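Just the heavy atoms: all of them, side chains too, but no hydrogens, waters or symmetry mates, feed the values below. Atoms within each ligand, like the ligands themselves, are counted from 1 in listed order. From a predicted model like this one, the values you see are computed outputs, not experimental measurements.
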Amino acid sequence: MPPAHPFDDDKLREECGIFGVSGVKDASSFVALGLHALQHRGQEAGGIVTHDPTQGFNSARRFGYVRDNFTSTDIMETLPGPLAIGHVRYSTAGSKGQTAIRDVQPFFGEFSMGGAAIAHNGNITNADALRRELIERGSIFQSSSDSECIIHLMARSLQRNIPERMEDALRRVEGAFSIVAMTRTKLIGVRDPLGVRPLVLGKIGDGWVLSSETCALDIIGSEFIREIEPGEMVVITPEHGVQSHFPFRKQKPRFCIFEHVYFSRPDSILGGRSVYETRESIGRELAKENPVDADLVCPVPDSGTPAAIGYSLESGIPYAMGIIRNQYMGRTFIEPTEQIRNMGVRLKLNVNRALIRGKRVILVDDSVVRGTTSRKIKEMILDAGAKEVHFRIASPPTAWPCFYGVDTPQREKLLAATMSEEEMRSHLGVDSLKFITLDGLYRAVGEAGGRNPATPQYCDACFSGEYPVKPSDMLAKGFEMKEAAE
Ligand code: SF4
């Protein structure tokens with residue numbers, strides 16, 4: 001399935017959202033709503049697994065949006081029970097863009113002590129090596145997804161119960177993982193020792209909820225309790241409530257800083273602070289670091305909006321909606337003709353001509369990946385009669401691929417990997433182009449002293465090239481780390 005919009009390949013894309021509920025009637029309906037609120041984390045496919053004491057495990061996995069599948073009575077009636085987990089995906093490691101339904105999570109495994117289903121957000125950086133080893137030892141894989149390794153490692157563990165088998169399995173796994181899983185009676189949540197991807201805990205009536213983001217707790221009226229800590233496993237049962245374990249060697253957390261910039265929804269809470277507020281602070285930092293004389297500050301909608309507001313507040317330059325987004329660009333053009341594809345960005349964004357004409361415009365965007373969309377937007381703004389165009393970017397130059405559950409083009413396709421800032425400015429054809437610095441970004445997310453270069457507080461590998469977990473499969477395929485590449 002192609003991307004939902006013809007130019008969406010010019011953004012990094014979060015690859016998964018996960019959600020789980022226990023202790024409520026018709027848990028699958030809550031999971032469907034939660035996944036709907038997490039749809040920005042993956043639009044290609046979704047799946048739900050449930051358990052009912054009389055009807056056992058049931059599952060449904062479908063391509064397309066949650067709203068187009070998991071609202072139908074025909075499907076939802078097949079998913080009874082008080083315990084359910086679900087997953088939305090773009091495409092994780094595996095068959096990118098040509099997913100088979102067998103790659104759609106949650107995955108299910110039948111063990112001697114009963115079944116278990118698992119949904120994973122992140123990426124296992126040693127999955128190729130693990131898969132080879134498991135196949136040599138007799139495992140038969142059903143999918144091309146790296147996450148299936150966890151089920152096979154659990155099957156080989158000698159531990160007596162499923163949470164302990166999962167601990168065993170996850171100790172062999174490298175990379176980033178936030179997981180929701182379930183047995184017949186337990187809802188389980190785990191975050192990798194660095195806590196790269198998010199996972200939060202909520203309460204609903206007598207039941208419990210696990211979710212990638214707090215915005216999905218809000219939609220079902222669930223109370224946000226806390227974030228699952230890096231390296232923590234929670235096992236939730238009706239009898240004992242939430243039991244917490246720390247099965248991994250303790251490490252200094254390295255949460256994905258890009259969740260603050262772009263991936264998470266602005267109405268979610270991360271690190272005790274609203275993502276919207278953080279993005280506004282990013283805009284303020286950007287304005288302090290990179291002022292310019294202009295008439296208007298306009299966001300590239302929607303993701304650039306809070307940073308543009310911050311830039312405007314800090315600089316005193318009026319904020320305006322110079323670009324209007326068509327909210328209804330949905331599945332209509334999912335398989336566009338060549339002619340429509342060439343219209344590119346105009347399908348989704350239109351310039352507010354009356355506002356732009358004769359103005360010096362600051363455009364605020366969250367990131368520059370390939371630069372193709374930025375170029376088209378600049379053309380649209382100039383066509384509309386703008387006098388000057390200044391790009392201000394709410395993240396540092398994206399010069400390195402992400403191997404922790406975010407879809408990134410190959411390094412050579414990243415504009416910042418091959419060009420200096422001045423070369424990028426000239427390539428985009430704008431009057432000025434400036435990015436927030438890494439230190440500025442750290443300050444904006446709440447690290448007053450900026451980035452600690454000896455022990456960075458976040459994962460920022462896509463900007464710095466410093467990978468907190470060695471991407472061993474990619475190194476085996478010839479990827480060159482920073483020291484080797486430079
Ligand atoms: S490499 Fe970038 S996108 Fe990936 S986890 Fe790290 S900060 Fe996030």
Closer than 4.0 Å to some heavy atom of [X] - which atoms of ligand 1 meet that?
X    : value
R197 : 5 (S)
C256 : 3 (S), 5 (S), 7 (S), 8 (Fe)
F263 : 3 (S)
V196 : 5 (S)

For a distance under 2.8 Å, tell me if C462 has an N/O/S atom near atom 2 (Fe) of ligand 1.
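Within the cut-off used here (under 2.8 Å), C462 does place an N, O or S atom near atom 2 (Fe) of ligand 1.
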Distance to 0.1 Å, residue and atom name: give those for the protein heavy atom nearest to atom 7 (S) of ligand 1.
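It is C459 O, 3.0 Å.
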Would R451 and E466 pass as an ion pair if we require N to O under 4.0 Å?
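A salt bridge is present here (some side-chain N lies under 4.0 Å from a carboxylate O).
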Is any side-chain N of the basic residue among R443 and E447 closer than 4.0 Å to the acidic one's carboxylate O?
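No, R443 and E447 are not salt-bridged.
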So do F391 and V364 actually touch side chain to side chain, heavy atoms under 4.5 Å?
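Answer no - side chains too far apart.
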Can you tell me if, anywhere in C402, an N/O/S atom lies at a distance from atom 8 (Fe) of ligand 1 that is smaller than 2.8 Å?
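It does not: C402 brings no N, O or S atom closer than 2.8 Å to atom 8 (Fe) of ligand 1.
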Of the options I124, L199, V190, L194, which is the one that meets F177 in a side-chain contact (heavy atoms from CB on, under 4.5 Å)?
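Of all the options given, the one that passes is V190.
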Less than 6.0 Å separating the ring centroids of F463 and F258?
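So the answer is yes for these two rings.
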Is the Lys NZ or Arg CZ of R131 less than 6.0 Å from the centre of F141's six-membered ring, within 45° of the axis?
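Pair R131/F141 counts as cation-pi.
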